[in-house]
Protein chains: 2
Amino acid sequence: MRWWGWGRPGHPRVLPERALHRLSQRLEACAHPRAPVALAEVALPRPALSERALTALDAVVGSGGLRVDHLQRVLHAAGKGYPDLVQLRRGTPVAAPDAVIYPSAPEQLPALLACCTEHDLAVVPFGGGTSVVGGVAPLRGEHAAVISVDLRRLDQLTGLDRPSGIVTCAAGLRVPALEAELSRAGLTLGHFPQSYEYVSVGGCAATRSAGQASTGYGRFDDLVLGLRCLTPSGDLALEAVPASAAGPDLRELVLGSEGTLGFISELALRVRPAPERRVYEGFFFETFAAGVEGVRQLAVSGAKPDVVRLSDEAETRLSLLLAGDRSVKARGARAYLDLRGYAGGCLAILGFEGASQEVGQRRARAGALLRRAAALRLGRGVGEAWVSARFAGPYLRDDLLGHGLLVETLETATRWSELDGLRHAVAAAIDRSLRERGTAGVVMCHVSHVYTTGASLYFTVLAPQQAGEELEQWAAVKRAASEAIVAHRATITHHHAVGRDHAPWLGREIGPRGIAALRALKTELDPAGLMNPGKLIDR
Amino acid sequence: MRWWGWGRPGHPRVLPERALHRLSQRLEACAHPRAPVALAEVALPRPALSERALTALDAVVGSGGLRVDHLQRVLHAAGKGYPDLVQLRRGTPVAAPDAVIYPSAPEQLPALLACCTEHDLAVVPFGGGTSVVGGVAPLRGEHAAVISVDLRRLDQLTGLDRPSGIVTCAAGLRVPALEAELSRAGLTLGHFPQSYEYVSVGGCAATRSAGQASTGYGRFDDLVLGLRCLTPSGDLALEAVPASAAGPDLRELVLGSEGTLGFISELALRVRPAPERRVYEGFFFETFAAGVEGVRQLAVSGAKPDVVRLSDEAETRLSLLLAGDRSVKARGARAYLDLRGYAGGCLAILGFEGASQEVGQRRARAGALLRRAAALRLGRGVGEAWVSARFAGPYLRDDLLGHGLLVETLETATRWSELDGLRHAVAAAIDRSLRERGTAGVVMCHVSHVYTTGASLYFTVLAPQQAGEELEQWAAVKRAASEAIVAHRATITHHHAVGRDHAPWLGREIGPRGIAALRALKTELDPAGLMNPGKLIDR
C-alpha cells in the first residue's frame, strides 16, 4: 500500500476532471493537486530499541522477521484516517514503531510477548493497517519502546468444515484471499467493508467490522464463532460452538478489544453457500424520512435486503454530480428523475443475494412494500454502478486530499425512532464546527446498515482545508459530531471502532463502571499494559 | 408455585394411568406415588441474620418487603432441578435463605446492596426461581448470612418504542405478563421456554435462556439490546442500540452472569409484529441422521422454521407411547407410520410463524427440501398436539418423581459435523453411569434449536431411582454427561446456564485464562463477593 494513502503505488486517480471542476465550484478545492513529501523526507523519531531488545526480538522471529528500515517504519507509522494522511503527506507522523516484526508462525507470538514483557516494549498488532480511528498508531505509552507486529504472514486457512459452514484460519489472512479460497468451494464469508482490498480477518474481529452486505450476512462479530487470543498472561481459546449459555460470552470481550488484550491469532468463522443470484437495484424516495420508513418496513417485514444504502438529499445530489461523467446510466437516471419530479429526493441502493428462488420471493415482497412507500424503481443499472464503485471511496479521498479538501467519514447507529433527530443533530453540529472556522462545507449522510430495531448513519464531510490548522479543524469536526452522538445516546461507532480517536467518548457510552470493567479485564490479561497503549480506553 | 415441584398447588397430575403402566413395565416405576413431606416437616437451618441486619434490611424495603417465615424460606430454598426436588420432597434442602426480600422499587436495590455490604450478607437474585442447575441455591459462601431477593414486584413495563420494536421493562416482569401486554399492541417477544409460565425477563437475561421458538425469534441474549445492572460497586447502564463497534460488548458480560455481578434491574428488548400465521407440522424421518441432515438443510437454506424439534428414535418411541392415550391423532399417526414402514424412525416438529405470505413461501421451500430428504409429512394434527403440550414437561416430571423415577434433562450444542458423534457419546456415557449402579434406564435426545453452523442436543434421562442414593445416582449421570460433552469440545450448556451444577466444567470450556478474566470482572464489580456465591465459577 502507498505509505501516504490508499492503494498500490501508481494507482491512477479516480476523480474525473469535470467532477473535480464541479466540486471546486462548491468547495474551493485547489485546482492543482499537491503531492505528498518524498518518502526520505518523512521525519521519524530516532529508534528507541536497545541492542539487547533487538537481539532478543531477532532471536524470536528470525531473519527477515525484524525490520527497522525507514520504509517499514513509515508504513507502520499510522493507519488511514484523515489526520494520519494529513500528517504522512506532510512528512510529520506523530509516532513510528521502533521496529516492525513479521512473525512467520503463531508459535512465535507467545515468545514475542515474553520478550516484550522482559524488555518493556509496547506492542501494536497490525493487520491490514486500514484503521481510520488511529487504531494502529504506534504509541509508546510509558514503555521503553514500541513495536508494530504485522501479522500478514500468519495467513493459513487451517480448516474448512463444510457441513457446519465453519472455516478456521490464522488472523493475518486477508479477507479477499479467504473469499477467493471459499469461492472455489462454492462458499462465501460475505464480508465486504469499503477497505475490503486490504483488511485481515483478525483486524475485522478486533474492530467489530461491518461490511457493505452485513445487513444480510451479519456483522463480522456475528461471523466469529470461535477464537484464540494470545495475551501477555496466557492463551484464551474459545471453541466454535453455534450458541452457548455457559456464562458471559468471552468471545464478545475479545471482539472489539482492538489489540489491547493480546493478539487474536486464530478465528473460526461462519461461511455460507455462495449466492446463486445477486440483484442490486436503485430506488428513489421523495424525502429521506420516506426512505427511512421504507427501509424500516423492509427490515421488520422479513423482506430485508442484504445491502441497504439510503442516501440523504445532500449525498444523493453529490453522487449524481460525481457520477455524471462516469455513467450513461446515471445520466439517464437523473433525466428520468427530473421528468418524474423527484429532483430533490433520496437514492437508495438495495442488494439481494442468495438462492435464486428465495431472492426472487424476497425481492418481490420488498418491491410490494416499496411501492406502498411510494419508492420509484430506478432499475439495476444504478445498482450495478454502485457495485462497481463500492471500494472506490478511499482512492477518491486521496484525490480530494491532494486538492486541499478535508474528507472525514464517521458513523453511528441508533434506534429507528431517534434516527432522523440524530442525523439532523450530527449534521448541524459538524456544519457549525466548520462555519466557526470559516470553512463551510458539505455534510452528507446515508443509512448504511439496517436492523429490525434501528440503523446506522454514515456521515461524509467535505470542506476546504483550513491551511496550517488542518488537524485542529478536523478535531473540531470530530468533537462536534461525537458530542452530538453521545448526547443522543447513540453509539460512538457502529463499525469504525474506538481506537485513539473515539476513546475520549467511550466512557460517555458505557459509563464509569463499564470503563472500570474493561480496565479490570485488561489488567488481568495484560498486567504490564503493553498491548496497544492509548487505544480504546482513554487515559 | 408448589414448594416441592412445578405449577400451582392443586394442579392435577398430567400422566394418564395407562401411560404410567406402560412406563412402569419398562422402568420399574412404583405403582403408587409417594407424596412429599408436609411443609412443616421441611428442615431449615436456623436463621443466621443478626437483629441489626434485620433492622437495616427492613429499613430499606419497608413493611412487607422482608419475610422470614417458613414458607417463604422454603419457597426460596432451591430452584427446580432434579436434585432440588428430591431434597425438597424429602424435606431436607441443603440450604435456605436467612430472609427473603421483595423490593418494591428499583431505587431500593442500591440501598439493599449497601446494606448487604455493611452486614456481610450474600445475595441471591431470584426471578422466577425455575433454575434447573442450582442457579438460585441460597449458598452463604464465606459470608455472615444469605438473603434471597425476589424481584417479582419490579414488574413495570416502562416503555414501548413501536417504530423501533423495543420494549423497556423492569427485570422482575414475568414473560407471560409481558407477552400479554405486547399482544394487545399486536407485538410479540417470541420467547417460550418450557418454564414459560413462571420465568422473568431478568432471569432469562441472566441465564441466556432459549425458548422453543428461539430458532426463529432468537435466543434471549439476541433479544436484549440494552440493560442496567446494579452491582455492589455501582451502576452499569448500557443503552439500547441496534449494533455497535464501541469496544468489547459489555452486554454480553452481563448476559449469562447469573446474578454473580449484580442485579439486572432493567432490560430493553427487541419485539416483533405478532405472527399473522402459525403453522406447526409433524414430519417423520427414517433415521436420526437423515433427520439431522434434513433440518441442517433447512437451517442453511433460508427456509429455517421458527421451531425445530427433531427427536431421536428413543424419544420418538416414548412420545408415541405416552401420547397414545391422549390423542386420537397421534394414534392415527402411529398407525400411518406402521403402514408406511417407518416404525423405527424419528419424529420432527417444525413450526413456522410470521407474515402470511412469508410463512407460505418459506414453508413451501422447506417442504420441497424435506421431500428431497425423504421426510414423511404427518400433518398439522401432530404439530398442534405438540403445541398444546409444550409446557407440560415439568408437571410430568413431578408425576414421575412421585413414582420413584429419576428424571434429568441436560443439553449442549455443537457444530453439525460433530452432532451425531456427540449424541452417541453423551447417551453412552449416561447409560454406562446408570448401569454401573444397576439402574438402567432410557436416554432420549432431541435437536431443540438449529443454527446455520450447528444445533443443540437436549437429553432426557429416565431411570428407576437408586433408593437412598438418589443424589449420588444423579451426580454420576451429570458427571458422565458433562465429561463427554467437554471431551467433545461442545458447550456445557446451550440454554440451562451454569449455576452450581455445571460450574465444575466451565473451566474446561473457557480455560484458565477465561476463568481468570471472569474472576477479574467479578472482583471489580463485586469486590466482597456477595453476589450469588458458588455459582458460575467453581471455587
Practice task
Could you please spell out the steps behind the side-chain hydrogen bond (donor to acceptor under 3.5 Å, both in side chains) verdict for Thr493(B) and Glu411(B)?
Solution key: CA-CA 6 Å; Thr493(B) 173; Glu411(B) 34 75 74; 2.9 Å; yes
Applying a strict 4.5 Å limit to non-hydrogen atoms, the region of Ala490(A) in contact with chain B is backbone
So, the part of Thr207(A) with a heavy atom under 4.5 Å from chain B: the answer is backbone
Distance alone, cut at 3.5 Å: any donor-acceptor contact between the side chains of Ser164(B) and Ser417(A)?
yes
When the 4.5 angstrom heavy-atom criterion is applied to Leu236(B) and chain A, the contacting part is both
Counting heavy-atom pairs under 4.5 angstrom with chain B, the leader among Arg362(A), Arg270(A), Arg519(A) is Arg270(A)
Cut-off 4.5 Å, heavy atoms of chain B, and the answer for Arg296(A) is side chain
Chain A shares the most heavy-atom pairs under 4.5 Å, among Gly511(B), Gly234(B), Gly499(B), with Gly234(B)
When the 4.5 angstrom heavy-atom criterion is applied to Ala237(A) and chain B, the contacting part is backbone
Arg508(A) meets the salt bridge (charged side-chain N to carboxylate O under 4.0 Å, His left out) criterion, sequence neighbours left out, with Glu483(A)
Looking at Ser356(B), is its backbone amide N or carbonyl O close enough to the side chain of Glu276(B) to form a donor-acceptor pair, meaning the two atoms are under 3.5 Å apart? yes
- prompt: With a cut-off of 6.0 Å (strictly less than), are more than 12 heavy atoms of other residues, nucleotides or ligands near CZ of Arg363(A)?
  reply: yes
Of the listed Ala210(A), Gly302(A), Pro242(A), the one with the largest count of heavy-atom pairs under 4.5 Å with chain B is Pro242(A)
Greatest number of non-hydrogen atom pairs under 4.5 angstrom with chain B, of Thr523(A), Ile510(A), Leu506(A), Leu238(A), falls to Ile510(A)
- Query: Once the angle between the rings of His494(B) and His449(B) is folded into 0 to 90°, is it parallel (under 30°), tilted (30 to 60°) or perpendicular (over 60°)?
  - Reply: tilted
The interface call for Leu225(A) against chain B, heavy-atom contacts under 4.5 Å, is side chain
Salt bridge (charged side-chain N to carboxylate O under 4.0 Å, His left out) filter on Asp501(B), not counting sequence neighbours, yields none
Greatest number of non-hydrogen atom pairs under 4.5 angstrom with chain B, of Ala240(A), Ala299(A), Ala243(A), Ala303(A), falls to Ala243(A)
Rounded to the nearest 0.5 angstrom, the OH-OG1 distance for Tyr451(B) and Thr414(B) is 12.5 Å
**Residues Val271(A), Val167(A); criterion side chain to side chain contact (heavy atoms under 4.5 Å, CB included); working and verdict** = CA-CA 7 Å; Val271(A) 297; Val167(A) 65; 3.5 Å; yes
Whatever's closer than 4.5 Å to a heavy atom in chain A on Leu253(B) counts as both
Whatever's closer than 4.5 Å to a heavy atom in chain A on Leu536(B) counts as side chain
Chain A shares the most heavy-atom pairs under 4.5 Å, among Leu518(B), Val300(B), Ile492(B), with Leu518(B)
So, the part of Thr452(B) with a heavy atom under 4.5 Å from chain A: the answer is both
Ranking Ser209(B), Gly247(B), Ser301(B) by heavy-atom pairs under 4.5 Å to chain A gives rank one to Gly247(B)
query: Does Ser233(B) use its side chain to pair, donor to acceptor, with the backbone of Glu524(B) at less than 3.5 Å?
result: yes
Okay, Leu255(A) and chain B: the region with an atom under 4.5 Å from a heavy atom over there is backbone
If one checks every heavy atom of Val241(A) against chain B at 4.5 Å, the contacting part turns out to be side chain
Pair count under 4.5 Å, heavy atoms only, with chain A: among Val450(B), Thr491(B), Thr412(B), Asp235(B), highest is Thr491(B)
Counting heavy-atom pairs under 4.5 Å with chain A, the top scorer among Gly256(B), Ser456(B), Pro248(B) is Pro248(B)
Pair Arg277(A), Gln357(A): side-chain N/O donor-acceptor within cut-off below 3.5 Å: no
Interatomic distance, OG1@Thr168(A) vs CG@Leu227(A), rounded to 0.5 Å, equals 11.5 Å
Bottom line for Thr453(A): the part with an atom under 4.5 Å from chain B's heavy atoms is both
Residue from Arg272(A), Glu293(A), Glu358(A) scoring the most non-hydrogen pairs under 4.5 Å with chain B is Glu358(A)
Margin query: For the backbone of Thr260(B) and the side chain of Lys522(B), can you confirm whether one donor and one acceptor N or O come within less than 3.5 Å of each other?
Written below: yes
So, the part of Ala455(B) with a heavy atom under 4.5 Å from chain A: the answer is backbone
Looking only at Arg513(B), Glu239(B), Lys535(B), Arg208(B), most heavy-atom pairs under 4.5 Å shared with chain A are made by Arg513(B)
By residue number, those in residues 217-224 of chain A with heavy atoms under 4.5 Å from heavy atoms of chain B are Arg219(A), Asp221(A)
Applying a strict 4.5 Å limit to non-hydrogen atoms, the region of Glu258(A) in contact with chain B is side chain
Taken in chain and number order and not counting sequence neighbours, the residues that satisfy ring-ring contact (aromatic ring centres under 6.0 Å, His included) with His502(B) are none
